Amino acid sequence: MSTTPTVLLVHGAFADAASWSGVIEELQKHGVPVIAPPNPLRGLASDAAYVASVAAQIDGPVVLVGHSYGGALITVAGVTENVVGLVYVAAYILEEGESLGELQGRFPLSPLVSNLKEWTYPIPGGEPGVEVTIAEDAFPSVFAADVPADVTKVLAAAQRPLAASAFEETASAAAWKTKPSWALVAAADEAINPEVERFGAKRAGATIVELEGASHAVAVSRSKEVADLIRDAVRATS
């Protein structure tokens, strides 16, 4: 079993694992084992169970990294035995029994909320579910203001929708109570109010790094700095 933790990157809503490409490249350059599985984006409990199952099948220790909604997932999945640390990147950091909607509702809403587009998707044997994406014309300013326009256009077209029910589900655990955590606050985030990120990070007792001018897509625009924080977590838990 390796003593260097494997980094498991969990993307958030409106994105896919490719959003971690720059971070993966930086980590691989420094010999850090890394994996970025697809996040189903179908609900807090089921998505967290998926992340936990991936982590549990990795030999040796794991550092979980969650961006945005992915932060809520690693908060729950992080109780998995071989998880040794949590890194939150412009993320929601929930308390046990708290929902995304509740945490978000304590602070002024970000521009994301008024720019969501609703779609439906089939649920076998039941009514169609509702999922959301960001309106394409609002995507650059809301999600990726510091990313080149040509890249943003591609990201907007390739969005992965999040089941709307995920906003109301509550976290069944808060792994940060027993595992060390790190948090990156994107100071110019228009998708999650940076105050939400700061509040969650402080409550979790996380080691906090704040990046001025960073958008929600900080893993794309500032991948080296995101990777540096992850490497700090890897070194501290090795």
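Heavy atoms only: backbone and side chains are in, while hydrogens, waters and symmetry mates are out. Model, not experiment: these values are computed from the prediction.
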**Prompt:** With no hydrogens and no angle check, is any side-chain donor or acceptor of S99 less than 3.5 Å from a backbone partner on E102?
**Reply:** yes
**Prompt:** Is V209 reachable from W182 through a run of hydrophobic residues whose side-chain heavy atoms are each under 4.5 Å from the next?
**Reply:** yes
**Audit row: D232, R235, salt bridge (Lys or Arg N to Asp or Glu O under 4.0 Å) steps and yes/no** = CA-CA 5 Å; D232 287 348; R235 276 192 294 267; 2.6 Å; yes
**Message:** In this structure, would L73 and V196 fall into the same cluster of hydrophobic residues linked by side-chain contacts under 4.5 Å?
**Reply:** yes
**Prompt:** What distance separates T170 OG1 from E98 CD, expressed to the nearest 0.5 Å?
**Reply:** 10.0 Å
**Prompt:** Is E197 reaching over with its side chain to a backbone N or O of A186, donor-acceptor style, under 3.5 angstrom?
**Reply:** yes
**Message:** Quick check: is F167 connected to V76 through a chain of hydrophobic side chains (ILVMFWY, heavy atoms under 4.5 Å apart)?
**Reply:** no
**Asked** How would you list, by chain and number, every residue that makes a salt bridge (charged side-chain N to carboxylate O under 4.0 Å, His left out) with E190, sequence neighbours excluded?
**Response** none
**Asked** When the ring planes of F14 and F143 are compared, do they come out parallel, tilted or perpendicular, using 30° and 60° as the limits?
**Response** perpendicular
**Asked** So which heavy atom on A174 is nearest to which on L94, and how close?
**Response** CB-O, 4.0 Å
**Request:** Report yes if the side chains of W20 and E26 come closer than 4.5 Å at any heavy-atom pair, otherwise no.
**Result:** no
**Asked** Can you check side chain to side chain contact (heavy atoms under 4.5 Å, CB included) on S110 and D189, steps first, answer last?
**Response** CA-CA 8 Å; S110 71; D189 200 329; over 6 Å; no
**Prompt:** Strictly by modelled atom types, are Y69 and N39 linked by a side-chain donor-acceptor pair under 3.5 Å?
**Reply:** no
**Prompt:** What's the spacing between I230 CD1 and L9 CG if we round to 0.5 Å?
**Reply:** 5.5 Å
**Asked** When you check the side-chain N and O atoms of T75 and Y88, is any donor under 3.5 Å from an acceptor?
**Response** yes
**Request:** Would you sort out whether E210 and R198 count as a salt bridge (Lys or Arg N to Asp or Glu O under 4.0 Å), showing the intermediate values?
**Result:** CA-CA 9 Å; E210 185 150 338; R198 288 186 197 105; 2.7 Å; yes
**Complete:** Here the gap from L100 atom CG to L44 atom CG, rounded to the nearest 0.5 Å, amounts to 6.5 Å
**Request:** Please examine the side chains of I192 and S68, heavy atoms only from C-beta on, and report whether any two atoms are closer than 4.5 Å.
**Result:** yes
**Item:** Validation row: R203, I93 side chains within 4.5 angstrom (heavy atoms)
**Value:** no
**Request:** For L86 and I74, work out which heavy atoms get closest and say how close.
**Result:** CD2-O, 3.7 Å
**Request:** Please indicate whether K177 has more than 12 foreign heavy atoms, meaning atoms of other residues, nucleotides or ligands, lying under 6.0 Å from its NZ.
**Result:** yes
**Item:** Chi angles and distances behind the side chain to side chain contact (heavy atoms under 4.5 Å, CB included) call for T133, F139
**Value:** CA-CA 9 Å; T133 58; F139 187 93; over 6 Å; no
**Asked** Hey, is the main chain of V130 close enough, under 3.5 Å, to the side chain of E118 for a donor-acceptor pair?
**Response** no
**Message:** If I compare all heavy atoms of A55 with all of V83, which pair ends up nearest, and what's the gap?
**Reply:** CB-CG2, 4.2 Å
**Fill in**
Value for CG (N193) from CD (Q104), rounded to nearest 0.5 Å, stands at 8.5 Å
**Prompt:** According to a 4.5 Å side-chain heavy-atom criterion applied to Ile, Leu, Val, Met, Phe, Trp and Tyr, with indirect links allowed, do L64 and V226 form part of one hydrophobic cluster?
**Reply:** no
**Item:** Electrostatic pair E212-R222, nearest N-O below 4.0 angstrom
**Value:** no
**Item:** Donor-acceptor under 3.5 Å (D47 side chain, R42 main chain)
**Value:** yes
**Complete:** Between the NE2 atom in H216 and the CG atom in L112, the distance rounded to the nearest 0.5 Å is 7.5 Å
**Request:** Flag the pair P37 / Y50 as yes when at least one side-chain heavy-atom distance between them is below 4.5 Å, and no otherwise.
**Result:** yes
**Request:** Determine whether L211 and V218 make a side-chain contact, defined as any pair of heavy atoms from C-beta on separated by less than 4.5 Å.
**Result:** yes
**Request:** May I ask you to test the T3-S238 pair for a side-chain heavy-atom distance under 4.5 Å?
**Result:** no
**Request:** May I ask you to decide if A166's main-chain N or O and E169's side chain share a donor-acceptor pair within less than 3.5 Å?
**Result:** no
**Asked** Salt bridge between R231 and D228, side-chain N to carboxylate O under 4.0 Å?
**Response** yes
**Item:** For S221 against V147, the heavy-atom pair lying closest together
**Value:** CB-CG2, 4.0 Å
**Prompt:** Is the side chain of Q57 donor-acceptor paired with the backbone N or O of S53 at a distance under 3.5 Å, no angle test?
**Reply:** yes
**Request:** Kindly work out whether a path of hydrophobic side-chain contacts (I/L/V/M/F/W/Y, heavy atoms less than 4.5 Å apart) joins L229 to V7.
**Result:** yes
**Atom of V87, atom of A233 and distance for their closest heavy-atom approach** = CG2-CB, 3.5 Å
**Item:** Donor-acceptor contact present, side-chain H67 to main-chain A217, <3.5 Å
**Value:** no
**Message:** Looking at P33, is its backbone amide N or carbonyl O close enough to the side chain of T6 to form a donor-acceptor pair, meaning the two atoms are under 3.5 Å apart?
**Reply:** no
**Item:** Shortest non-hydrogen contact from G12 toward L41
**Value:** O-CD2, 3.7 Å
**Asked** Does CD in E25 sit with more than 12 non-hydrogen atoms of other residues, nucleotides or ligands closer than 6.0 Å?
**Response** no
**Asked** If you measure from CG on L27 to CD1 on I35, what distance do you get to the nearest 0.5 Å?
**Response** 13.0 Å
**Asked** Sub-3.5 Å donor-acceptor pair from the side chain of N115 to the main-chain atoms of P111, do we have one?
**Response** yes
**Request:** Could you go through the side chain to side chain contact (heavy atoms under 4.5 Å, CB included) check for L103 and F199 one step at a time?
**Result:** CA-CA 9 Å; L103 174 57; F199 171 81; 3.7 Å; yes
